[in-house]
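Naming: A, B, ... by sequence-line order, numbering from 1 per chain.
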Amino acid sequence: MLLENLRKAIYQDLKEAALKAREEGLLEFEELPVFVLEKPREKAHGDLATNLAMVLARPAKSAPRKIAQIILDHFPAESNRVMRCEVAGPGFINLFLDPSWVYDVIPEVEEMDEHYGCSNIGQGEKVQIEFVSANPTGLLHMGNARGAALGDTLANVMAAAGFDVTREFYINDAGNQIEAFGRSLEARYLQLLGHNVPFPEDGYPGEDLIESMRGFISQVGDKYLKVAPQLRREILVKYALKEKLEQMKNDLASFGVYYDVWFSEQTLHDSGAIEEVLKELQESGYLYEKDGAIWFRSTLFGDEKDEVLVRSNGVPTYFAADIAYHKNKFQRGFDRVINIWGADHHGHVARLKGAMGALGYNPDRLQVIIMQPVRLFRGGEPVRMSKRSGEYITLRDLIDDVGKDAARYFFVNRSSDSHLDFDLDLAREQSSDNPVYYVQYAHARICSILKQAGEIPNSKEIDLTLLTDPTERALLEEIAELPREVGYAALHLEPHRLTHYVYNLANLFHGFYTNCHVLNAEAGLREARLALVNACRITLRNTLRLIGVSAPERM
RNA sequence: GCGCCCGUAGCUCAGAGGAUAGAGCGCUGGCCUCCGGAGCCAGGUGCGCAGGUUCGAUUCCUGCCGGGCGCACCA
C-alpha cells in the first residue's frame, strides 16, 4: 500500500480507538480534536507519531500519557503494517512500521511512472491562476519573472494534485498607461523621422520602444507624419501592442510558461461589463458620488479609504475594470481564483476582496499571493536597475545569461513572502555549489548507470528486501514522500517546498551512490539497486518537471 | 502616522503549538584499485526585544525595535 494510504488508514484507526474508548467510558470528550500523525524528526521516535493523547488532555481532563495508553489499548495492533506502538515523552504515541513497507514504493513508482507524485486531493476543483499580467508597454522584469516561475509551478503542482487548473494572463491594454504608451511611441516615431519633439514626461523611456518604431518605419515609412495625432497614436499603439504581446508570449514560452487564456482588459470596456458591474454595485448601495467622481465604499470591507471607480472625466479606473474582470472569472465557473501580485500591489487586496463580497461572492474564493521583490547580485554586489530610465535586466536577458533551468529553480526556491536575492554568478556556475546542477547531476548520473546496465529489471521479479543499507532506506522513504509533498504544496500554495524536496532527494541519492555500488554489486542486489535507482530517476524527473526544470540524461 | 510582509547560524534562506530547530554558501579537516569527484563524510555559533495565552511558544496574540512595500480621480 502506498504510504499516503497507509497514513490515512492509521489515522482512521487512531480516531476509532479514541471513540471506542469513549464508548466504554474510559475517555471523555465532546468532539475529537484535530490531531496530527506525522513522521517524527527522530528515527528513535518511530516511523509515525501522533499528538492525539496530548490534544485530548484538556477535554478528557486526564494526563496525556494515561490517555495515550488507553488509546493504545483500543488500537488494532498489527494492522496496517504497524508492528509496535509506544507511549513516549510527554504523551506522544509512536508507531513503528514493519520495515518492509518501503519496498512497496518501487513498484508503485514504476507503475505510475510520469504520474508518480499525482494525487486527487484537489478533487477536480476548478481553479484559475492569474499571474505575470505585465503591462504590455514594456519588457518583462524580474518581478514578472518571479511571478512567472511561481505561477507556472503552482499551476503544475495543483494540476498534479488533482485540481482543474486554468492559467491566465490579463492584458492591461486599456487606460492611462496605454495613453502614455501611445504618446511615447508617437514621440519616438517622430524623433526617428528627424523631428525634434520632446519625449513625454510620463512616457516609457525604454530602448525597446525605439526599436519597435524603427521596425515600424521600415515597414511603413513616414506615411503617418501627417495623420491626425489621435488616430496616429491609435495606429502606433495597435502595432506596438501586438508586437509587445508576441514578444512576451515568446519570452514566456522560452521560460516554459504557457497560458490557457490571454484576457484583454479592453474587452471589458467594449462589452459593457464594467458599466454593468457599476450598476450592480450602485443598486446595492455601495457607490456614492463625490467631487464629480463615483466612489466605492471599500472602507466597509476593511480598506483604509474609499476608492474611485469612475473619474470625474467619466473614465473608469483600473480598479473598476478589475472588479468587472474578477466577476467575469467567477461567472466563468471557477470555484477559486488565485492571483499572484507583486508586493507593491498588496494594498489592492482588501478592496478587491471587498468588491467581490459586495457582488455576493465569498471573498475567500479569491486568493492573492503577494510576492516580495527580487534583487539581482553580480560579483557580490547588487545590480543597479532603473525602471525610470528603462535600463533593467529583462526576463530575456536572464534566460540568455543563466538559462531557463537555473532561473526557474532559483525563483521557486524561495517562499513568495521572502525577499529574493538572486545570485547571477551562482546560477550560472556549473558546480555542485549550484543547487540546480546538483540535482540535475543526480539525474544524469542515474541515467548513466541505467544505460550501462542495459536492461532495467521488473521490480516484481526481484527481491527488493535486499535493500537494507541505511542510505537505501533513507532514499526509499524520501521517494515515498513525493505525493504528500505535492499535495501539501498545492493545498498551501507553497511551490517552494518542491525545490527543497528535490534537493534533499538528490542529496540522499548521492549519499547512497557513494556508499553502495550498483553495477558491480552481487547478483540479486544489483537488480534491486537498479530498480531503486530507476525509481529515484522517475521521482527526480517528475519533481523537476513540476518546477519547470529539465532533467538531462547527460551533462 | 496608518496598513501589509519580514526579522532564525558569519551570509542566503527553510522549518514548526510539542520530545535534541535544519540546509546551502563560507571556513577547517578527511574520502577516488571500482558505476560520472559536477560527488561523499566530519566539525560551529542562532529563533530581534518584552509581555501574554498554553501542560508545552522559536511557532499563536499584544507592544516595542529594525528592514521592505503600500496609503493618487496611476496601474
Atom [atom1], compared across [N] and [M]: separation rounded to whole Å:
N	M	atom1	value
B/C6	B/U62	P	13 Å
B/C5	B/C61	P	10 Å
B/U8	B/U59	P	14 Å
B/C27	B/C65	P	39 Å
B/C34	B/G22	C1'	34 Å
B/G17	B/G7	P	15 Å
B/U58	B/A14	C1'	14 Å

Counting any heavy atom closer than 4.0 Å, what does [X] reach on the DNA or RNA strands: base, sugar-phosphate only, or nothing?
X	result
A/Asn135	sugar-phosphate
A/Asp303	nothing
A/Cys516	base
A/Glu553	base
A/His496	sugar-phosphate
A/Ser418	sugar-phosphate
A/Ala453	nothing
A/Ala350	nothing
A/His45	base
A/Arg351	base
A/Asn94	base
A/Gln177	sugar-phosphate
A/Arg554	base
A/Ala343	sugar-phosphate

Give a yes-or-no answer on whether the side chains of A/Glu472 and A/Thr468 include a donor-acceptor pair shorter than 3.5 Å.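 Per modelled atom types, A/Glu472 and A/Thr468 side chains form no pair under 3.5 Å.
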
Taking the six-membered ring of A/Phe301, is the NZ or CZ of A/Arg351 close enough (under 6.0 Å from the centre) and on axis enough (within 45°)?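 Cation-pi check for A/Arg351 and A/Phe301: fails.
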
A/Arg146 charged N/C atom sitting above A/Phe411 aromatic ring, 6.0 Å / 45°: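 No, A/Arg146 does not sit over the ring of A/Phe411.
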
Could you tell me whether A/His348 and A/Trp341 have their ring centroids closer than 6.0 angstrom?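 So the answer is yes for these two rings.
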
is_close_aromatic(A/Phe131, A/Tyr259), centroid dist under 6.0 Å: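 Yes, they do, as the ring centres are separated by less than 6.0 Å.
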
Between the base of B/C34 and the side chain of A/His517, is there a donor-acceptor distance below 3.5 Å?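 Indeed, a donor on one side and an acceptor on the other fall under 3.5 Å apart.
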
Pick the closest RNA chain B nucleotide for A/Ala57 and for A/Asn520 by heavy atoms, then say which residue is nearer the 5' end.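 Its nearest nucleotide being more 5', the pick is A/Asn520.
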
Report the relative orientation of the aromatic rings in A/Tyr286 and A/Phe296; use parallel for angles under 30°, tilted for 30 to 60°, perpendicular for over 60°.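 Geometry flag for A/Phe296 against A/Tyr286: tilted rings.
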
